[in-house]
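Below: the structure, in structure tokens.
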Amino acid sequence: MTDTTAKLDLNTFLSDGAPNDSGLIVKAPWKIAALFLAVFAILGYFLCDYAIQSRKLEMVGELQKRLDVSASGKAQVMGTWLAGEIENANRIADNDLFQLFTTEINLVGGGKLPASLSEQLPYMQNAFSNFVNQTGLIGAYLIGKDGRAYLASGDAPTLTDAQRSAAQAQYEKTEITFSPLRASETGLVFDFILPIHAAQSDPGSSELDTVGVLLVTVPASEPLAELLNAPLYNSQPDMTRLYQNVDGKFYELFPLKPPYIAAKEEAQLMPGAIGFQEISRENGESLYSSGALVPNTSFVVFQQISSSEALAPLRTYALFVIGLAVSFLIIVFTILVVIWLILKGQNARALAHQYKEFAAQINAQRRLLGSINNTIDELIGLTDPEGRYIYANPSLARIADYPLRAIPGKTDRDLFGDKAARELAEHDRKAIATEQTVNAFVEIETVDGIRILRVAKSRFVNEDGAFLGIVTVSSDITDYVKFQRRKEEMDRKAMTVLSQMLEANDPYLSDHSVRMAQLSNHISVEMGLPPEVIKIINTGAHLSQIGKISIPREIREKEVRLTEKEQKVMQKHVLIAEKILANADVEQEVLDAVTQINEHLDGSGYPRGLTGDEIDMPARILGMADILIARISPRSYRDSIGVDEALRVFKNNPEKYDPEVVDAMLRFFETEIGANFKANIEKSKKT
């Protein structure tokens, strides 16, 4: 026996004296203080969060304005640069001599140039090349409507099909066309295409006659690099990034770093969106970004800044706000502690007095419970995890025939013998494994003979949930069990007498109830029904014909089939049986089984026309057994038939009979017991 369990004597659970006041701890004020602190902490959290979020919104708003201005400014700078390139190109496009030359070429219409124009080509070619060299262009081309380049600067790259197509499309436009940036061996380049108007065109006219187009290829890497690296008007750590918008998708440009144009779109930027937005990069970095479109181009300048850098002042502000809130909580906590100390000094004696009264009440209740425990008939015992008794009440000591003080340390084997000890040990294991109360019936040997106990076993644990042993509460139900057995025996005899009286009154019902009970029991076993259901079926079989005792004999023994009116009289035997059995206080399950025997699943039965699940399983089994026994037995108006022929009734009417019961009956007659049952019936028919 362990030290812990050895101290679990019922009489030592509570001491007679009241607790010492010095050990009293007042917990309620701490709970109130904790509640106040929790409320203030939650309130402080939300106020701090509101202040920080409000400040963040202000900072983000200011950041948006600054990024918008920076992006727009750089987009304007880039637009100014492009305007300068166009102005340089207009020196050629607006030259009267160049316009006249282009007009004459346009009049030729793609044919062979006349001698006068051919003589001008070297001069125009030289002027064209000088223009390109002076302006730092890569190449310039004069392209006709047929896509033919009539003039090209020296060392100009060969025109691509895309350039020719764009130049031809320019004849239908009046504004200047910019092509997307593309990567070359020397860096980023792009084209812009200007219309060349006829020499005689009126500059003030809204419809100018386009006689040719000038396609100029411009190097872009160095100007764009200078644009991206240009210092801002402030000291903020912003980044300038240039993108090219292609079908609503953004591709970043790297002016001095091959491959110059990103191969994949910038997935973090929303398609077509250049306004202020917060984006998250693949490395987890968060950025604030604002873009501006360069007019008449597909170029977009984005001004960006890291979120951590942009919101760095917010962290300092947040620390200040949180520090202020914590300081406030500390002040509140100090005030609450002072209040608690004051209340503790005032209430300590009052609480101690109340606790003394409470302890006195508990001791009075302990004495009352001890008195009850020592006088009740129930057997109460407490065993430790090894199965040794820690406590036993006087009733348990009396039935074990042991002195009460000698029981602690004993086991069930010492008190009740090996057989009972094995059963009780098994119930102990179940109670420990399931952590539930286990109820069972156990027979024990005593000096007064065999006694039957109803046992309830539960785990006994301390306040920490540690398992200390098993509590056993038992009741001696020997006298009750004997009374029940005598009652059941009398009931069986009464049912036998009633059945014999009915069979003696009606020779055609001879052995009907017995055979019906036997067949029903066999079917129930075949279906695997529990014993309590089989008992209901067996009782119902013996009482099934009791109502026929009140049916006139001339109807029961009539040698021809009954008329419809006589059948209604005969069917009343069910209601008569119900009334007789109800007055006899028969179990409801048995009463239902007897009154439902003649019901069918399709509702064609009697007396109530029940259908489907309204008919209980015992009634379904008894009903089929009743029909089969009746079919194979002779009646006043017909001869008996064989078992196989009677079984066809169930096979041919599946809507009336439970297929599960039909299958069980067929399986039974295929067994050896079923074959013997069938043979005995056939033999009795012949005799």
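- Under the 3.5 Å distance criterion, the side-chain polar atoms of Asn130 are matched with a main-chain donor or acceptor of Asn126.
- One distance of note links CZ of Arg620 with CD of Gln596; it measures 9.0 Å at 0.5 Å rounding.
- You'll find the side chain of Arg459 reaches within 4.5 Å of the side chain of Glu435, heavy atoms only.
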> Under the side chain to side chain donor-acceptor pair (under 3.5 Å) criterion, do Ser290 and Gln303 qualify, and how do the steps go?
Replying inline: CA-CA 5 Å; Ser290 181; Gln303 199 70 20; over 6 Å; no
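- Looking only at side-chain heavy atoms (C-beta outward), Asp238 and Arg66 come within less than 4.5 Å of each other.
- Partner of Leu293 under the side-chain contact (heavy atoms from CB on, under 4.5 Å) criterion, chosen from Asn245, Val301, Val300: Val300.
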>> Does Val525 form a side chain to side chain contact (heavy atoms under 4.5 Å, CB included) with Ile523? I'd like the steps, not just the answer.
In response: CA-CA 5 Å; Val525 172; Ile523 296 173; over 6 Å; no
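- In terms of modelled atom types and a separation under 3.5 Å, the side chain of Arg164 and the main chain of Gly147 share a donor-acceptor contact.
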Could you give the side-chain donor-acceptor pairs of residues 178-196 under 3.5 Å, partners two or more places apart or in another chain?
{"residue": "Ser179", "atom": "OG", "partner": "Asp191", "partner atom": "N", "Å": "2.8"}
{"residue": "Ser179", "atom": "OG", "partner": "Asp191", "partner atom": "O", "Å": "3.1"}
{"residue": "Arg182", "atom": "NH1", "partner": "Asp191", "partner atom": "OD2", "Å": "2.9"}
{"residue": "Arg182", "atom": "NH2", "partner": "Asp191", "partner atom": "OD1", "Å": "3.2"}
{"residue": "Arg182", "atom": "NH2", "partner": "Asp191", "partner atom": "OD2", "Å": "3.3"}
{"residue": "Ser184", "atom": "OG", "partner": "Thr186", "partner atom": "N", "Å": "3.4"}
{"residue": "Ser184", "atom": "OG", "partner": "Thr186", "partner atom": "OG1", "Å": "3.3"}
{"residue": "Ser184", "atom": "OG", "partner": "Gly187", "partner atom": "N", "Å": "3.4"}
{"residue": "Ser184", "atom": "OG", "partner": "Gly187", "partner atom": "O", "Å": "2.7"}
{"residue": "Asp191", "atom": "OD1", "partner": "Thr217", "partner atom": "OG1", "Å": "2.8"}
{"residue": "Asp191", "atom": "OD2", "partner": "Gln163", "partner atom": "NE2", "Å": "2.8"}

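- Looking at Asn95, its side chain does come within 3.5 Å of a backbone N or O of Leu97 through a donor-acceptor pair.
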> Would Arg608 and Glu599 count as a salt bridge (Lys or Arg N to Asp or Glu O under 4.0 Å) if you check the C-alpha gap in whole Å, the side-chain angles of each, and the deciding distance to 0.1 Å?
Replying inline: CA-CA 8 Å; Arg608 295 183 174 87; Glu599 303 285 1; 5.6 Å; no
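- A distance of 11.5 Å separates OG of Ser327 from CD1 of Ile322, quoted to the nearest 0.5 Å.
- Note: Leu215 CG to Ile143 CD1 = 4.5 Å, rounded to the nearest 0.5 Å.
- Taking the ring centroids of Tyr150 and Tyr141, they lie at or beyond the 6.0 Å cut-off.
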> Can you list the steps and then say if Val216 with Glu85 is a side chain to side chain contact (heavy atoms under 4.5 Å, CB included)?
Replying inline: CA-CA 9 Å; Val216 179; Glu85 296 293 337; over 6 Å; no
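- The CZ atom of Phe650 sits 12.0 Å away from the CG atom of Asp658 when rounded to the nearest 0.5 Å.
- A donor-acceptor pair is defined here as one N or O able to donate and one able to accept, closer than 3.5 Å; no such pair exists between the side chain of Ser72 and the backbone of Val69.
- Of all the heavy atoms in Leu67 and Ser289, the pair that sits closest is CD1-N, 4.3 Å.
- Side chain of Asp464 to backbone of Ala466: no donor-acceptor contact under 3.5 angstrom is found.
- Residues Ile279 and Ser286 are not in side-chain contact: their nearest non-hydrogen atoms beyond the backbone lie 4.5 Å or more apart.
- The main-chain N or O of Ser129 is never found under 3.5 Å from a side-chain atom of Ser153 such that the two would form a donor-acceptor pair.
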>> For a side chain to side chain contact (heavy atoms under 4.5 Å, CB included) check, start with the C-alpha distance between Leu287 and Arg241, then their side-chain angles and the critical distance, and finish with the verdict.
In response: CA-CA 12 Å; Leu287 299 173; Arg241 303 173 73 175; 4.2 Å; yes
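- Proximity of Thr611 to His600: side-chain heavy atoms (C-beta onward) are nowhere separated by under 4.5 Å.
- For the residue pair Val321 and Ala51, the shortest heavy atom distance occurs at CG1-CB, 4.4 Å.
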>> With side chain to side chain contact (heavy atoms under 4.5 Å, CB included) as the criterion, how do Thr102 and Leu142 come out once you've worked through the C-alpha distance, each side chain's angles and the decisive distance to 0.1 Å?
In response: CA-CA 8 Å; Thr102 304; Leu142 174 62; 3.8 Å; yes
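- With contacts defined as side-chain heavy-atom distances shorter than 4.5 Å, the pair Ser307/Glu278 qualifies.
- Gln170 is not listed as a side-chain neighbour of Thr210, based on a closest heavy-atom distance of 4.5 Å or more.
- When side chains are defined from C-beta on, Pro530 counts as touching Val533, because their heavy atoms get closer than 4.5 Å.
- Crowding of Glu614 atom CD: a count of heavy atoms from other residues, nucleotides or ligands under 6.0 Å exceeding 12.
- Between Ser604 and Lys656, the shortest heavy-atom contact is OG-CE, 3.7 Å.
- Between atom OG1 of residue Thr434 and atom CZ of residue Arg429 there is a gap of 13.0 Å, rounded to the nearest 0.5 Å.
- Counted within 6.0 Å of CG on Asn652, heavy atoms from surrounding residues, nucleotides or ligands total more than 12; the atom is thus considered enclosed.
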>> Pair Tyr260, Phe254 - check ring pair (Phe, Tyr, Trp, His ring centres under 6.0 Å), show working.
In response: CA-CA 4 Å; Tyr260 305 113; Phe254 307 99; 9.1 Å; no
> Is there a ring pair (Phe, Tyr, Trp, His ring centres under 6.0 Å) between Tyr243 and Tyr251 once you walk through the steps?
Replying inline: CA-CA 5 Å; Tyr243 290 84; Tyr251 296 85; 9.2 Å; no
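- Remark: Glu175 CD is packed, more than 12 non-hydrogen atoms of other residues, nucleotides or ligands lying under 6.0 Å away.
- The two residues Asp94 and Gln99 come nearest to each other via the heavy atoms CA-NE2, 3.6 Å.
- A donor-acceptor pair under 3.5 Å is absent between the side-chain atoms of Glu526 and the main chain of Ala664, judged by distance alone.
- The two residues Ala198 and Thr103 come nearest to each other via the heavy atoms CA-OG1, 3.5 Å.
- Between the Asp616 side chain and the Ala619 main chain, no donor and acceptor come within less than 3.5 Å of each other.
- Residue Phe320 places its CZ atom among 12 or fewer non-hydrogen atoms of other residues, nucleotides or ligands, all under 6.0 Å distant.
- One distance of note links CG of Leu242 with CG of Leu253; it measures 4.5 Å at 0.5 Å rounding.
- Of the possible donor and acceptor atoms, none in the side chain of Asp49 sits under 3.5 Å from a partner among the backbone N and O of Tyr45.
- A 4.5 Å side-chain heavy-atom check between Leu314 and Arg55 finds at least one atom pair inside the cut-off.
- Across all their heavy atoms, Phe101 and Leu151 have their closest contact at CE2-CD1, 3.8 Å.
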